[in-house]
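Computed from heavy atoms alone, side chains included, the values below leave out hydrogens, waters and symmetry copies. None of these values were measured; they are calculated from a predicted model.
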2 protein chains.
Amino acid sequence: MEYTRENISTKLRNHGINPTHQRIEIAHALFSRHEHLSADQVMAIVNTRHAETSKATVYNTLRLFLEKGMIRELVVDPTKIFFDPNTTPHHHMYEVDTGRLSDIHGDIQITGLPPLPPGLVTEGVDLIVRVRHAS
Amino acid sequence: MEYTRENISTKLRNHGINPTHQRIEIAHALFSRHEHLSADQVMAIVNTRHAETSKATVYNTLRLFLEKGMIRELVVDPTKIFFDPNTTPHHHMYEVDTGRLSDIHGDIQITGLPPLPPGLVTEGVDLIVRVRHAS
DNA sequence: AGGATAATTAGACAAAGTCTAGTATTTTGT
DNA sequence: ACAAAATACTAGACTTTGTCTAATTATCCT
Ligand SMILES: [Mn+2]
Ligand SMILES: [Mn+2]
Ligand SMILES: [Zn+2]
Ligand SMILES: [Zn+2]
């Protein structure tokens, strides 16, 4: 699938989001790469050519995409949040010494989780394998 | 096991940590409760009676305990780190709407993890079940 | 005791993220 | 097409978590 401006506009509309210039730019930054990006990185990408999008808009828009379920938030680095354009269930590997974050592919099974206390619903199950480069 | 000052001093020495007044207070805050605490909460607990321990010392000491493997760090809340006095492998449940963090007990098995790329070693596997209170 | 070393401190600083109040753009209704 | 209303964007102040520095204090050793 190609991430043209037109396709991205459609995707935004499908999620109930009004496709504005800034929102298209931010969505494009996230979906055309297949990486996990921080708000700061999104900000930098979107403003490479010439400054067009403010910090407030980057943060607001990422929140909006999250609420609408278009992206996913990863809390894995103590200093910043990463945003993941892939919302299908998958797990992550985090290199603690370099800060690199990548997907784990394969058929991972988690068994033995006790039932939830009543009144609680699962929002997601995050599995993070923390690794580091050998001595 | 009782967490007297004496027992805590011994525990610190066993981890190669010089037991000072502040370090004993901080360790006591963590180990006498069986909760996951943020730096801020540790700070508040340690300084309830009268201010005795500075912010710098709280942060430095928590880092030190971490390095020495006496406590564990949990990156789960986007705004702050939690410290866990329980270093044995176990997993967590995080209530996203209240910020409450608790242990998951039971025999959880994770299968199907692909082998690590060469040169990388596992530091830990964190499983976080994110839950929220039903609508 | 006295010198060396280790630990603590106040407060400046940094970075991520939020908020506000004003401006610009887009949409809606006629 | 036009005006009014609603939505979106912005600069920059502000907040919070955490780090750093340089000076002070406590501890250790002979
Ligand atoms: Mn940055
Ligand atoms: Mn706090
Ligand atoms: Zn991912
Ligand atoms: Zn725990």
Query raised in the report: So does B:Lys55 reach the base of D:dG18 with its side chain, donor to acceptor, closer than 3.5 Å?
Result: yes
Query raised in the report: Rounding to a whole Å, what distance do you find between B:Met43:CE and C:dT8:C1'?
Result: 12 Å
Requested in this report: Rounded to the nearest angstrom, tell me the gap between atom CG in A:Leu64 and atom P in D:dT7.
Outcome: 13 Å
**Report entry** Min side-chain heavy-atom separation B:Val131-A:Glu123 under 4.5 Å
**Finding:** no
Query - Heavy-atom pair with the smallest gap, counting every atom of A:Asn47 and A:Glu52 - result: OD1-N, 2.8 Å
Report summary line: Comparing nearest nucleotides in DNA chain C, the 5'-proximal residue of the pair A:Asn60, B:Glu52 is B:Glu52
Query raised in the report: Could you give the CD-to-P distance, from A:Glu67 to D:dA8, as a whole number of Å?
Result: 12 Å
Query raised in the report: Can you list, by residue number, the residues of residues 4-32 of chain B that have a non-hydrogen atom closer than 4.0 angstrom to DNA chain C?
Result: B:Asn18, B:Thr20, B:Gln22, B:Arg23
Query - Separation of atom NZ in A:Lys68 from atom P in D:dA8, rounded to whole Å - result: 9 Å
**Report entry** Euclidean distance, atom CG of residue B:Asp40 to atom P of D:dT16 [Å, nearest integer]
**Finding:** 10 Å
Query raised in the report: Under 4.0 Å between a side-chain N or O of B:Thr57 and OP1 or OP2 of C:dT9?
Result: yes
Query - Basic-acidic side-chain contact under 4.0 Å: A:Asp126, B:Arg130 - result: yes
Query - Length of the CD1-C1' vector between B:Ile81 and C:dA16, whole Å - result: 13 Å
Query - Spatial distance of atom NZ (B:Lys11) from atom NE2 (B:His15) [nearest 0.5 Å] - result: 5.5 Å
Query raised in the report: Would you say C:dT18 has OP1 or OP2 under 4.0 Å from some side-chain N or O of A:Tyr59?
Result: no
Requested in this report: Can you tell me the distance, in whole Å, between the CZ atom of A:Phe82 and the C1' atom of C:dG17?
Outcome: 15 Å
Report summary line: Ranking C:dG17, C:dT9, C:dC19 by distance to the side chain of A:Ala39, first place goes to C:dG17
**Report entry** Distance in angstrom units between B:Lys80 NZ and C:dT18 C1', rounded
**Finding:** 15 Å
Query raised in the report: For the residue pair B:His105 and B:His90, is the inter-centroid distance of their aromatic rings smaller than 6.0 Å?
Result: no
**Report entry** Pairing of B:Glu25 and B:Arg5 as salt bridge, 4.0 angstrom limit
**Finding:** yes
Query raised in the report: Given B:His36, which of B:Asp84, B:Asn86, B:Asp77 fulfils the side-chain hydrogen bond (donor to acceptor under 3.5 Å, both in side chains) condition?
Result: B:Asp84
